[in-house]
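Step one of this worksheet: look at the structure below.
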Amino acid sequence: MEKDADGFYTPTAGAAAPKEDEKPQPGPNSDLIKSTFEVTVTLADQQLDPNSPLYSAKTFEELGLHQDLLRGIYDMGFSKPSKIQERALPLLLSNPPTNMIGQSQSGTGKTAAFVLTMLSRIDFTKKTTQALCLAPSRELARQIMSVVVAMGKFTAVQTEYAIKDNLARDSGPVTAHIVVGTPGTMTDLMRKHIINVADIKVFVLDEADNMLDQDGLGDQTLRVKNMLPRDHPVQILLFSATFPDHVRSFASKFAPSANKIELQKEELSISGIRQFYMDCKDEDHKYDILVRLYALLTIGQSIIFCQHKHTADRISARMSAEGHKVASLHGAKDPAERDAIIDNFRDGREKVLITTNVIARGIDILQVNMVVNYDLPLMYERNSGGSGHGGHLDNPDIETYIHRIGRTGRFGRRGISINFVHNKKTWQQMEQIEQATSQKIMRIETNDVDEMEEKMKDALK
Ligand SMILES: Nc1ncnc2c1ncn2[C@@H]1O[C@H](COP(=O)(O)OP(=O)(O)OP(=O)(O)O)[C@@H](O)[C@H]1O
């Protein structure tokens, strides 16, 4: 199955495991085909390296999946499981069902692990909702749904969204097997009995540490959980690349007696992402540097992260006025506009996306080879709900940093992240990030465009 113009999976004919001679071959003068080929080669190497998070000793056939799901997996172009898939799937599919807290680096294939579990547990003869999946943003919910549809292509799965503006208020009851959405809308639809919970067997939280955070979505997520049936067990699956200490104990209560797959702190970052910083003189200089980087940002695709919506709007308006083609995306835009912006970016119609933390997590766009932290991510004051209405603290938000840079370097690809620092405070924040992640962030001179270009090309080799 190929990703369509919007970067989502759409059905195509044929569904057999890829044969050796069907692997992509480099065509004449085609950079796109060449890079696909190179990625295929390095990916194969990484999937054979026992130290790589993409490695597995087993095949998908050995993981106990139904034939229809194997067809879906191969149709998507997967040939071997990643480490998290190999380790998690046998535990996830065993009976009686057991809860799971699963941690694995960004871009290593957690979505497939929980999507295959949901699809495996559905009784397709019943027209009832049997699995719920929550994500922190509509963009991520839509992306997860595209994976459900692709992996479930050879099943009779019916799906529905619980995201804003999707279902009319007076909709009849949902009969779809799997519902994917965001917690506020999911709660709303459950309260109105548009989504019925009586037959729910699996409840998934993607980006679970974020979904359970008491300063963020924790209350809403708990509300959904409290509405789940109590007359039979519901398998609860929590997945993320990060589980900071302050949510670990809550996660264990939320998903009792869970099987746990955990990472050590020093394993959190992906080795394919080279991290740099640029020492800017002040806020204005940050903007000048970004504009100077534009030619490099558009070699592939880039995401520029700002702390506030108004910064994202301001720099994108200014860059657009100066003739650069950029898009901005944040939570204050209306849902239809958000969908159009991310879809344009997914299919490469936009190359540079200026945004906030709204898409810091989960978004999987393979062509993104550069992430810029225009502002470093900062912790919000407790109880401000992470909404941006409360003030932010001086401490860097390490988890958000790890997720932001993880928008590049997906599934063994190479990527670059660049942090802008512009005063003593931001410098110290970056040092804290280096310490917390045990990763060195290398300097690039701001006044030497050639050096910038060289370093970047080198890092992407
Ligand atoms: N076994 C596999 N073989 C090849 N590609 C895979 C495999 N598993 C996943 N992928 C691809 O790897 C990419 C990253 O997967 P996914 O989005 O599930 O990562 P993730 O672990 O959820 O990352 P994040 O922590 O950022 O949410 C996707 O494009 C997916 O299609």
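Both counts, for ligands and for their atoms, begin at 1 and track the order of listing.
Side-chain atoms of Q367 never come within 3.5 Å of backbone atoms of Q301 as a donor-acceptor pair (strictly under, hydrogens ignored). Proximity of a side-chain donor or acceptor of R121 to a complementary backbone N or O of A131 within less than 3.5 Å is not detected. K286 places no side-chain N or O within donor-acceptor distance of the main-chain N or O of F420, the cut-off being under 3.5 Å.
Considering both main-chain and side-chain atoms, G109 comes within under 3.5 Å of ligand 1 through a nitrogen or oxygen pair. Taking only nitrogen or oxygen atoms, main chain and side chain alike, G406 does not reach within less than 3.5 Å of ligand 1. Note: an N/O pair closer than 3.5 Å links K80 and ligand 1 by distance alone.
Near F60, with a cut-off below 4.0 Å to any heavy atom, the atoms of ligand 1 are 1 (N). Numbered from 1 in the order shown, with element, the atoms of ligand 1 that lie under 4.0 Å from a heavy atom of T111 read 16 (P), 17 (O), 18 (O), 22 (O). Atoms of ligand 1 lying under 4.0 Å from any heavy atom of S106, numbered from 1 in the order shown and given with element: 23 (O), 24 (P), 25 (O), 26 (O).
Considering V147, D364, I365, I144 only, the shortest heavy-atom separation from atom 13 (C) of ligand 1 involves D364. Of the listed options E207, K83, Q103, E207 places a heavy atom closest to atom 27 (O) of ligand 1. The closest heavy-atom contact to atom 17 (O) of ligand 1, among the options Q143, R413, K110, R410, comes from R410. With atom 31 (O) of ligand 1 as the reference point, the heavy atom nearest to it among F114, F78, F411, F239 is part of F78.
Ring orientation note: the planes of H308 and H310 are close to parallel, at an angle under 30° on the 30°/60° scale. Using a 30° and 60° split on the angle between ring planes, H177 and F124 fall in the perpendicular class, above 60°. Taking the six-membered ring for Trp and thresholds of 30 and 60 degrees, F78 and F411 have nearly parallel ring planes, at less than 30 degrees apart.
Just one of L93, V115, V202, L89 meets the side-chain contact (heavy atoms from CB on, under 4.5 Å) condition when paired with S120; it is L93.
Contact analysis leaves S104 out of contact with ligand 1, as no non-hydrogen atom separation drops below 4.0 angstrom. In this structure, R407 is part of the shell of residues with a heavy atom less than 4.0 angstrom from ligand 1. Within the structure, the closest approach of Q105 to ligand 1 falls below 4.0 Å when heavy atoms are considered.
Side chains of D397 and T400: a donor-acceptor N/O pair is present below 3.5 angstrom, by distance only.
Annotation: cation-pi geometry not satisfied between K225 and F203 (NZ/CZ under 6.0 angstrom from ring centroid, within 45° of ring axis).
The part of L366 lying near ligand 1 is the side chain, judged by heavy-atom distances below 4.0 Å.
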